[in-house]
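Heads up, the thing below is written out as structure tokens.
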Amino acid sequence: MIKNHFYDIVLKAVREAFSEVDTEALRIDILKPRKPEWGDISTNAPMIMSKVMKIPPKEAANLLILRLNEINDSLNNSFASKIEFAEPGFVNIFFSRKFIIKILRVILKEREGFGVCSEKKGLGYLIEYVSANPTGPLHIGHGRGAVFGDVISKILISQGYDVLREFYVNDAGAQVKNLVVSVIERMKEIEGKGEALIPDDGYKGEYVKEIAKELILREGISYEMVDKEFDKIRDFSIGYMLTKIKKTLADLGVKFDSFYFEKSLFDKGLVERCIQDFERESKVFEKDGALFLKIDSAEGDKDRVLRKSDGHYTYFASDIAYHKDKFEREGGRYKKLINVWGADHHGYIPRMRSAIRLLGYDPDSFIVVLVQMVKVLKSGKPIKMSKREGDFVTLDEIIREVGKDATRYTFLMRKSDAQLEFDIDILKSHSLNNPVYYAQYGYARICSILRRASECGIKIDEIVSPEDEFDGLRLQEELDLIKKMGEYPDLLDTIAKSLEPHLLVYYIQELQSMFHQYYTKYKKTEKVLSDDPLKMKGRLALVLALKNVLKNAFDLMGIDAPERMSLKGEEDEE
RNA sequence: GGGCCAGUAGCUCAACGGAUAGAGCAACGGCCUUCUAAGCCGUAGGUUGGGGGUUCGAGUCCCUCCUGGCUCGCCA
């Protein structure tokens with residue numbers, strides 16, 4: 001990775017220039033300058049050293065530049081063509097041509113492995129996302145969490161982390177009971193035994209009628225039998241919804257390694273055992289017939305009920321047991337638990353953190369990514385959503401109307417902690433302006449060039465070798481594209497650490513924009529398929545590398561990499 | 001009232017504490033005899049909600065106020 005590479009070099013230069021200084025404690029940054037005239041990579045080391053040494057930044061910079069030039073000259077593959085000071089206290093490094101070509105060669109050599117960190121980190125992440133109640137179809141908000149969890153998992157895996165993707169199925173609580181009651185009422189209605197009386201906390205959506213219908217038709221359960229068959233109705237209803245949910249997730253390209261059932265925690269006695277441990281350690285107390293967990297108010301919360309006065313356990317109780325299980329599973333394989341939650345759960349975080357600490361684990365190993373609400377607009381007006389009222393936009397509907405790729409891309413474009421507006425009409429009617437097509441179009445354009453080359457009898461694989469010097473690549477835009485591609489591995493590393501996959505979308509937009517500019521500017525004068533064999537070879541290599549980086553990024557984002565896109569005028573009327 | 005998130009161009013959003021705050025959409029004006037115009041170029045658009053502070057440097061960190069969303073159950 002380029003940043004690490006230069007960090008080592010700069011640090012070496014700092015140590016040589018200021019041997020008496022302890023460099024460990026310093027915050028020397030390597031950054032990518034925004035302007036080309038500030039070089040390809042730069043460091044704030046002069047400002048830092050200026051402060052430490054009490055000398056002007058310029059003086060510190062000159063000492064550093066002297067050392068950096070020595071290092072640069074000592075290598076047979078020098079990395080810099082120019083190293084210079086810039087106000088107020090930066091050292092800017094301009095990459096040498098050799099260094100840039102080396103990046104290209106690495107991409108061609110590593111192919112789908114480019115950006116992937118081959119070094120195994122040995123750190124286990126258990127990522128929980130979506131985790132919707134199986135009491136209704138997924139709505140658009142679930143979709144955002146689903147895509148976020150899916151992409152961040154793939155990126156963590158690519159960076160050498162050990163990852164388990166899990167869906168926690170809340171199949172044990174009161175909500176499930178509410179669903180069953182609602183289903184039974186619908187059965188009554190369908191069989192003409194009376195009006196369906198859906199309680200206030202029941203579910204009113206159409207899908208409840210479907211479940212009831214299926215139960216009668218396929219399972220042969222009639223309304224008279226409901227008291228005896230309560231468990232069967234519950235299991236069927238949950239199974240039915242879960243199948244629907246899995247189908248939706250599959251349509252969205254979201255994967256899981258495991259579905260973990262809340263009910264299994266009770267069946268295995270894990271909730272009971274967890275409570276007993278707390279009791280033995282005097283971490284709980286009884287009041288008004290309920291069992292409370294003692295939570296230090298300094299941690300931003302208050303005592304919370306684990307077992308209700310009616311003897312049932314709360315969601316909190318089973319969730320504690322669930323987290324304990326996550327930590328203990330496979331001999332403690334998962335050191336970090338990432339939970340992707342809807343923002344309406346933020347008030348739940350302090351009590352869970354406290355519980356993690358009371359379990360004897362480090363609260364910092366419990367990471368919550370809050371995904372903010374999705375505001376759905378239709379004709380510019382917000383739509384109120386309530387699962388119980390059955391009044392909401394389902395994720396299925398969105399996928400059907402705007403497509404998997406556009407849905408994923410729209411979710412990925414925003415930081416998770418920013419609210420998102422999802423205007424269905426705009427995404428439908430202006431679907432051709434959707435940014436996802438911009439990204440895919442560039443890929444298709446590259447494929448088109450390569451296709452054309454093959455049609456012309458050019459044997460690309462024979463011409464382009466990763467060992468080449470690519471002397472035909474001389475245009476500034478070509479070298480800039482390679483440098484941009486060189487940022488890709490650093491970017492993935494950053495995303496894995498910050499859990500901010502939207503950065504990948506912005507990177508792809510920039511890379512595509514650079515390519516489109518290059519393409520348009522030279523399509524009359526300096527084509528990829530040039531008459532000059534040296535130029536053509538270099539440009540084919542460039543285009544192959546671009547295709548490779550785009551494909552790798554698309555795979556991580558879970559969107560298609562289309563070999564071609566239909567031309568304007570051929571598209572379906574929408 | 002307490003807590004969490006946000007407030008950046010007309011709209012939707014970017015910007016590891018770094019240098020002159022950037023994209024897309026919308027508006028306006030241009031570019032197809034071409035390796036795909038779902039593209040490109042140009043114009044216009046800003047006191048980063050207000051006010052203090054921290055430092056070489058603040059959209060970014062701290063304090064405070066204002067506005068919006070969410071949340072404060074023995075629901076999940």
Side-chain angles (χ1 to χ4, degrees), chain A residues 3 27 29-35 37-38 42 44 47-48 50-51 57 86-90 92 131-133 135 170 172-176 178 201 262 287-292 300-302 304-310 312-316 318-319 342-350 370 372-373 375 413-421 423 426 430-438 440-442 444-453 456 494 497-498 502-503 505-506 509-510 512-513 515-524 527-530 539 543 564-568 571:
Chain A
K3 275 195 182 175
R27 246 201 73 141
D29 282 342
I30 303 295
L31 38 107
K32 202 225 157 263
R34 285 192 287 99
K35 304 266 173 177
E37 55 272 32
W38 297 336
S42 85
N44 64 346
M47 269 174 301
I48 306 288
S50 150
K51 210 172 173 185
E87 294 289 354
F90 294 99
N92 295 336
S131 295
N133 287 339
T135 54
N170 302 129
Q175 297 303 342
V176 169
N178 292 337
D201 49 7
E262 183 185 6
K287 192 181 141 198
D288 304 333
L291 189 72
F292 283 75
D301 206 47
K302 55 182 184 181
R304 295 286 179 176
V305 173
L306 294 175
R307 192 173 56 221
K308 298 182 251 182
S309 49
D310 67 3
H312 287 104
Y313 290 105
T314 58
Y315 174 83
F316 184 41
S318 55
D319 210 17
D344 51 343
H345 287 72
H346 75 260
Y348 188 71
I349 298 171
L370 286 180
Q372 286 291 335
M373 301 289 108
K375 201 202 281 180
M413 280 176 71
R414 271 76 174 200
K415 263 194 310 200
S416 60
D417 55 7
Q419 285 180 43
L420 166 69
E421 284 194 13
D423 192 318
I426 287 181
H430 297 273
S431 63
L432 295 184
N433 290 329
N434 196 297
V436 72
Y437 295 109
Y438 184 81
Q440 292 178 324
Y441 181 64
R445 191 172 239 182
I446 287 164
C447 291
S448 171
I449 295 171
L450 294 171
R451 204 159 44 232
R452 182 62 169 263
C456 295
T494 301
K497 285 173 176 142
S498 65
H502 73 278
L503 297 174
V505 173
Y506 281 85
Q509 296 284 57
E510 272 178 56
Q512 294 282 21
S513 170
F515 172 65
H516 284 309
Q517 283 169 42
Y518 165 69
Y519 178 92
T520 310
K521 181 169 175 186
Y522 294 112
K523 66 181 172 181
K524 285 183 184 167
K527 294 185 176 190
V528 172
L529 304 178
S530 167
R539 289 169 190 170
V543 158
R564 57 178 88 217
M565 295 182 97
S566 57
L567 289 165
K568 213 172 193 170
E571 81 242 9

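Below, chain A is the first sequence line, B the second, and so on; all start at residue 1. Being a predicted model, the structure only gives us computed values, none of them experimental.
Rounding to whole angstrom units, OH of residue A/Tyr348 and P of B/G73 are separated by 14 Å. Rounded to whole angstrom, the span from the NZ atom of A/Lys287 across to the P atom of B/C74 amounts to 10 Å. Going from atom CZ of A/Arg445 over to atom C1' of B/C40 covers 8 Å, rounded to whole Å. The distance from atom CE of A/Met413 to atom P of B/A15 is 12 Å, rounded to the nearest whole Å. In this entry the distance linking OH of A/Tyr437 with P of B/G24 reads 19 Å, nearest Å. As rounded to whole Å, 15 Å separates atom P of B/A15 from atom NZ of A/Lys32. Rounded to whole Å, the distance from OH on A/Tyr506 to P on B/C13 is 9 Å. Straight-line distance from the CD1 atom of A/Ile30 to the C1' atom of B/C16: 12 Å, rounded to whole Å.
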Verdict with supporting geometry, A/Leu529 and A/Arg452, side chain to side chain contact (heavy atoms under 4.5 Å, CB included): CA-CA 9 Å; A/Leu529 304 178; A/Arg452 182 62 169 263; 3.6 Å; yes
Side chain to side chain contact (heavy atoms under 4.5 Å, CB included) between A/Leu503 and A/Thr494, worked out: CA-CA 9 Å; A/Leu503 297 174; A/Thr494 301; 4.3 Å; yes
Working for side chain to side chain contact (heavy atoms under 4.5 Å, CB included), residues A/Leu306 and A/Phe292: CA-CA 6 Å; A/Leu306 294 175; A/Phe292 283 75; over 6 Å; no
A/Gln372 and A/Leu420: CA distance, side-chain angles, deciding distance, side chain to side chain contact (heavy atoms under 4.5 Å, CB included) verdict: CA-CA 7 Å; A/Gln372 286 291 335; A/Leu420 166 69; over 6 Å; no
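Here, B/C11 and B/G29 have their P atoms 23 Å apart, quoted to the whole Å. Between the P atoms of B/C13 and B/G52, the separation comes to 29 Å (whole Å). Distance check on atom C1': B/G59 versus B/A14 gives 11 Å, rounded to whole Å. B/G2 sits 9 Å from B/C65 when the P atoms are compared, rounded to a whole Å. Taking the C1' atom of each, B/A15 and B/A38 are spaced 27 Å apart, rounded to whole Å. When the P atom is compared between B/U8 and B/C61, the two are found 15 Å apart, to the nearest whole Å.
Closest to the side chain of A/Leu31, out of B/A14, B/G18, B/C40, is B/G18. Which of B/C35, B/C40, B/U20 sits closest to the side chain of A/His516 comes down to B/C40. Of the candidates B/C40, B/C35, B/A15, B/C40 carries the atom nearest the A/Thr520 side chain, counting heavy atoms from C-beta on. Proximity note for A/Ser513 (side chain, C-beta onward) versus B/C40, B/C35, B/A76: the nearest is B/C40. Nearest nucleotide to the A/Gln517 side chain, out of B/G22, B/C40, B/U34: B/C40. Nearest to the side-chain atoms of A/Lys308 among the listed nucleotides B/A19, B/C74, B/C4 stands B/C74. Among the nucleotides B/A19, B/C35, B/C74, the one closest to any side-chain atom of A/Asp288 is B/C74. Of the candidate nucleotides B/C16, B/A38, B/G18, B/C16 has the atom nearest to the side chain of A/Arg27. With distances taken from any side-chain atom of A/Tyr315 to the nucleotides B/C74, B/A76, B/A21, the minimum falls on B/A76. When the nucleotides B/A15, B/U55, B/C16 are ranked by their closest atom to the side chain of A/Lys51, B/U55 comes out on top.
For the pair A/Lys527 and A/Ile48, both in contact range of RNA chain B, the more 5′-proximal nearest nucleotide belongs to A/Ile48. The residue among A/Pro350 and A/Lys3 whose nearest nucleotide of RNA chain B lies closer to the 5′ end is A/Pro350.
Using a 4.0 Å cut-off, some side-chain N or O of A/Arg34 falls inside it from OP1 or OP2 of B/G22. OP1 or OP2 of B/A14 has not a single side-chain nitrogen or oxygen of A/Gln509 nearer than 4.0 Å. The shortest distance between the side-chain N/O atoms of A/Lys524 and the OP1/OP2 oxygens of B/C31 is not below 4.0 Å. Close to B/C40, at under 4.0 Å from its OP1 or OP2, lies no side-chain N or O of A/Lys521.
Among the protein residues, A/Phe316 comes within range of no part of the nucleic acid, since none of its heavy atoms lies under 4.0 Å from any strand. Using a 4.0 Å heavy-atom distance criterion, A/Phe90 is classed as a base contact. At the heavy-atom level, A/Ala444 lies under 4.0 Å from base atoms of the strands shown. Contact annotation for A/Asn92: base contact, defined as any heavy-atom pair under 4.0 Å involving a base atom. Residue contacts shown for A/Asp417 are limited to sugar-phosphate atoms, with no base heavy atom under 4.0 Å away. Residue A/Glu510 is out of contact with every strand shown, counting any heavy-atom pair closer than 4.0 Å. Among the protein residues, A/Leu306 comes within range of no part of the nucleic acid, since none of its heavy atoms lies under 4.0 Å from any strand. As judged by a 4.0 angstrom heavy-atom cut-off over every strand, A/Ile349 is placed among residues making no nucleic acid contact. Residue A/Ser42 is in base contact, counting any heavy-atom pair closer than 4.0 Å across all strands shown. Contact annotation for A/Asp310: no contact, since no heavy-atom pair falls under 4.0 Å across all strands. Within the nucleic acid shown, A/Asp29 comes within 4.0 Å of at least one base atom, counting heavy atoms only.
No N or O donor and acceptor, one from the side chain of A/Thr314 and one from the base of B/C74, sit under 3.5 Å apart. Residue-to-nucleotide contacts include no donor-acceptor pair under 3.5 Å from the side chain of A/Thr135 to the base of B/A76.
Annotation: the span from A/Tyr519 atom OH to A/Ile449 atom CD1 amounts to 5.5 Å, rounded to 0.5 Å. If you take CZ on A/Arg27 and CD1 on A/Ile48, they are separated by 8.0 Å, rounding to the nearest 0.5 Å. A distance of 9.5 Å separates OH of A/Tyr348 from CZ of A/Arg304, quoted to the nearest 0.5 Å.
A/Ser318 and A/Glu262 form a side-chain donor-acceptor contact under 3.5 Å, judged by distance and modelled atom types alone. When only modelled atom types and interatomic distance are considered, A/Gln509 and A/Ser513 share no side-chain donor-acceptor pair under 3.5 Å.
In this pair, A/Tyr519 does not lay its aromatic ring on the base of B/G39; centres under 5.5 Å and planes under 30 degrees do not both hold.
Taking 90° from 0 as the syn/anti boundary, the base of B/C32 is oriented syn.
Nearest heavy-atom pair across A/Pro33 and A/Trp38 is CG-O, 3.3 Å.
Note: A/His502 and A/Tyr506 have perpendicular aromatic rings, judged against thresholds of 30 and 60 degrees for the angle between ring planes.
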Between protein and nucleic acid, restricted to nucleotides 66-70 of chain B and to nitrogen or oxygen atoms under 3.5 Å apart, what atom pairs and distances do you find?
| residue | atom | partner | partner atom | Å |
| --- | --- | --- | --- | --- |
| B/G69 | O2' | A/Gln419 | NE2 | 3.4 |

